[in-house]
Amino acid sequence: MSTHDELNSSEGTANEGPTHFLKQHIEKDLAAGKVESIVTRFPPEPNGYLHIGHAKAIWINFGLANQFKGVCHLRMDDTNPEKEDTEYVEAIKTDIQWLGYEWFGPVRYASDYFEDFYKYAQELIKTGKAYVCQLTPDEIREYRGTLTSPGKNSPYRDRPAEESLALFAEMREGKHKEGTACVRVKIDMSSPNINMRDPVIYRIRFAEHHQTGDKWCIYPMYDYAHCISDAIEGITHSLCSLEFEDHRPLYDWILDNITIECHPQQIEFARLNPNYMITSKRKLKKLVDGEYVSGWNDPRMPTISGLRRRGYTPGALRKFCEATGVSKANGVIDAGLLEWAIRDDLDSSAPRAMCVLDPIKVTISNYDEDKVENLELSAHPKDESFGKRKLNFTKEVWIDRQDFMEDAPKKFFRLAPGKEVRLRGSYIIKCDEVIKNEQGEVVELICSYDPDTLGKKPEGRKVKGVIHWADVKSSVPVEVRLYDRLFSVPSPEAADENGVVKEFTENLNPESLKVVHGYLEADCAEKLKANPEIGAFQFEREGYFVTDSIDSSADKLIFNKIVSLKDSWEKVK
RNA sequence: UGGGCUGUAGCCAAGCGGUAAGGCAGCGGGUUUUGAUCCCGCCAUGCGGAGGUUCGAAUCCUCCCAGCCCAGCCA
């Protein structure tokens, strides 16, 4: 993590940060004395890695709890053992802590409450509000009706409670096969809300559970388990995404029909939906399993672990969440906003360095062969506390191919035949000669320097361009991985303009990773050797880069490009 | 065509009957040994549409239109 990383952004009091409907809702409840303090929860299912969308949910739940001096629980919503794994619970914990949040008490699991769920189901059966249904899954679907036509009652709906109770016990004992029996709650088969048409609350699964092992072969459904888990934990505000709006009547129904005092309030908000990304765990898993990326933490992945490896900071992610706002309107967030957030965060916190990514050699004809000048440049243009960095100026230096043009337009403020440019922190040089290979490619530039321009403006002319460079002798060869957006279209999952829905993997950006070999100023390499955890650097005029947490070593530095600097020259071109 | 929800600038978003905040993007200018940063200015007679109520409507009422979600023994 960066030495300049600030963990506490705008959280502390409820008055800070922008207001939004959830905040107002909580303020009202607090003011009315409805609750004394708030308890929220973040309830991920451990069936995949957390992504940027979860970061938003985390920011909302933990952030609100912090702002109102309440607490937030972390609860694994682990009611479907077939899809879940401890690998994911570990990753989830790591990601939340990395984001800078602390859950209250132990990590909780819905599976901690399996016995409670069972008892409450027994209660519902006893009071005639639930029954064991032995329709097949296909029949249940048929009986459910459609969006526009009502369903019809299961023939098992009115069987005696004792019979259901006995069957339920048998289900628990493993005496029934998967799909042959389930528990349903008795509500209304003609409800316009399909979730209320006698929803299933328990199903049989002979699956090993990552927390409870083979203790159970019946597992509760989300709608049944979630509200009760919330109530058991004394959650005051159960915040979830919009698609659960239709489930709220069921959430309330369950709690109203069992003997439990606490009745949390479910409130829905719009989930984060950034363009040029996908946030479907199923599809992200496909990218990993299909080896389209190197893993869940591939620096191009929108996962928290991917963003972390890419070089994103917790502060930038929080800034991004705050900038996107909280509402009930389903919208699309421009991926550019995430880039703005990390640039904004790193501008003040990243020390500067120079790294030439596409080297072309420059020989200073009027500079002595063995001369080495020790120059000094500040490590941050606006913050003295970053100190100075040392540069060696020698007869041969590298500059970037992009900073030279043979036929340069007037607006090109860089090197061109006969033109002058400033080598950042050093002298002004003039291009006298262009050396090409047989293919006609420029391989070297012969330049002359003006010895009277170190630390001062040249006499009688103005040189607008400043380019970065690295001396041939002391600079360090490094590998740099240039990342770009994983997808080349804004909506990788949507139909194109012809209404054709392609497989989302067809929309992968073939240019999302380019590996180049460049030369890094020695000072930066030394800093990294002394402190590998130093965090991101700004490679001046290029962007922000961080050493790859997995592949980089002191002997072989490997950098990930986090994001480029804003480039107005790109627009002029 | 049942139910739920949402429409304020290119993208987010505040606004809660008193005359359209803010951020991002964009545009113009200034500073600058990073075409970065920073600073200044511009950017909705308009709030999905049409009516209505009112001295006054993005806010209230009526109708209409568009988009999203729901028919897993997934969450």
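Here is the naming used below: chain letters follow the sequence lines, and residue numbers restart at 1 for every chain. Because only heavy atoms are used, hydrogens play no part in the values below, and waters and symmetry mates are left out as well, while side chains stay in.
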Suppose we call a contact any N or O donor and acceptor under 3.5 Å apart; does that hold for the side chain of [X] and the base of [N]?
X	N	value
A:Gln24	B:C16	yes
A:Arg541	B:U34	no
A:Glu542	B:U34	no
A:Arg343	B:U37	no
A:Arg248	B:G4	no

- Item | Residues within residues 196-209 of chain A bordering RNA chain B, heavy-atom distance below 4.0 Å | A:Val200, A:Arg203, A:Arg205
- Message: Once you measure the plane-to-plane angle for A:Phe244 and A:His247, does it fall in the parallel (<30°), tilted (30-60°) or perpendicular (>60°) bin?
- Response: perpendicular
Nearest to the side chain of [X], heavy atoms from C-beta on, is which of [options]?
X	options	value
A:Arg352	B:U1, B:U33, B:A36	B:A36
A:Thr19	B:G15, B:C5, B:C70	B:G15
A:Lys464	B:C12, B:U6, B:U32	B:U32
A:Ser327	B:A13, B:C12, B:A75	B:A13
A:Glu540	B:C73, B:U34, B:G3	B:U34

Using 4.0 Å as the upper bound for N to carboxylate O, is an ion pair formed by [Y] and [X]?
X	Y	answer
A:Lys328	A:Glu245	yes
A:Lys561	A:Glu542	no
A:Lys319	A:Asp344	yes
A:Asp383	A:Arg352	no
A:Arg389	A:Glu540	yes
A:Glu322	A:Lys56	no

- Query: What do you reckon, do A:Trp569 and the base of B:G35 stack, with centroid distance below 5.5 Å and planes below 30°?
  - Reply: yes
Taking 4.0 Å as the cut-off, does a side-chain nitrogen or oxygen of [X] come that near to OP1 or OP2 on [N]?
X	N	result
A:Thr79	B:A75	yes
A:Arg144	B:G72	yes
A:Lys566	B:U37	yes
A:Lys457	B:U33	yes

Can you check nucleotides 27-29 of chain B for protein contacts, nitrogen or oxygen pairs under 3.5 Å, and list what you find?
none

- Assert yes or no for the condition that the ring centre distance of A:Tyr224 to A:Tyr202 is strictly below 6.0 Å. yes
- Query: Can the ring centroids of A:Phe539 and A:Phe559 be said to lie less than 6.0 angstrom from one another?
  - Reply: yes
Just the atom pairs and distances: protein N or O near nucleotides 67-69 of chain B's N or O, under 3.5 Å.
{"from": "B:C68", "atom 1": "O2'", "to": "A:Asn330", "atom 2": "ND2", "distance (Å)": "3.1"}

- Message: Base, sugar-phosphate or nothing for A:Val326? Non-hydrogen atoms, less than 4.0 Å.
- Response: sugar-phosphate
- Check every strand shown and say whether A:Ile140 touches a base, only sugar-phosphate, or nothing at a heavy-atom separation below 4.0 Å. base
- Message: For a salt bridge (Lys or Arg N to Asp or Glu O under 4.0 Å) check, start with the C-alpha distance between A:Asp567 and A:Arg541, then their side-chain angles and the critical distance, and finish with the verdict.
- Response: CA-CA 9 Å; A:Asp567 186 2; A:Arg541 302 208 318 128; over 6 Å; no
Which value, in whole Å, describes the distance between the [atom1] atoms of nucleotides [N] and [M]?
N	M	atom1	answer
B:G7	B:U59	P	12 Å
B:U8	B:A58	C1'	7 Å
B:C69	B:G52	P	36 Å
B:A9	B:C47	C1'	10 Å

Is there a Watson-Crick or G-U wobble partner for [N] with both distances under 3.5 Å, and which nucleotide is it?
N	answer
B:A66	B:U6
B:A13	none
B:C42	B:G26

- Specify the separation, in whole Å, of atom CG of A:Asp344 and atom C1' of B:G22. 15 Å
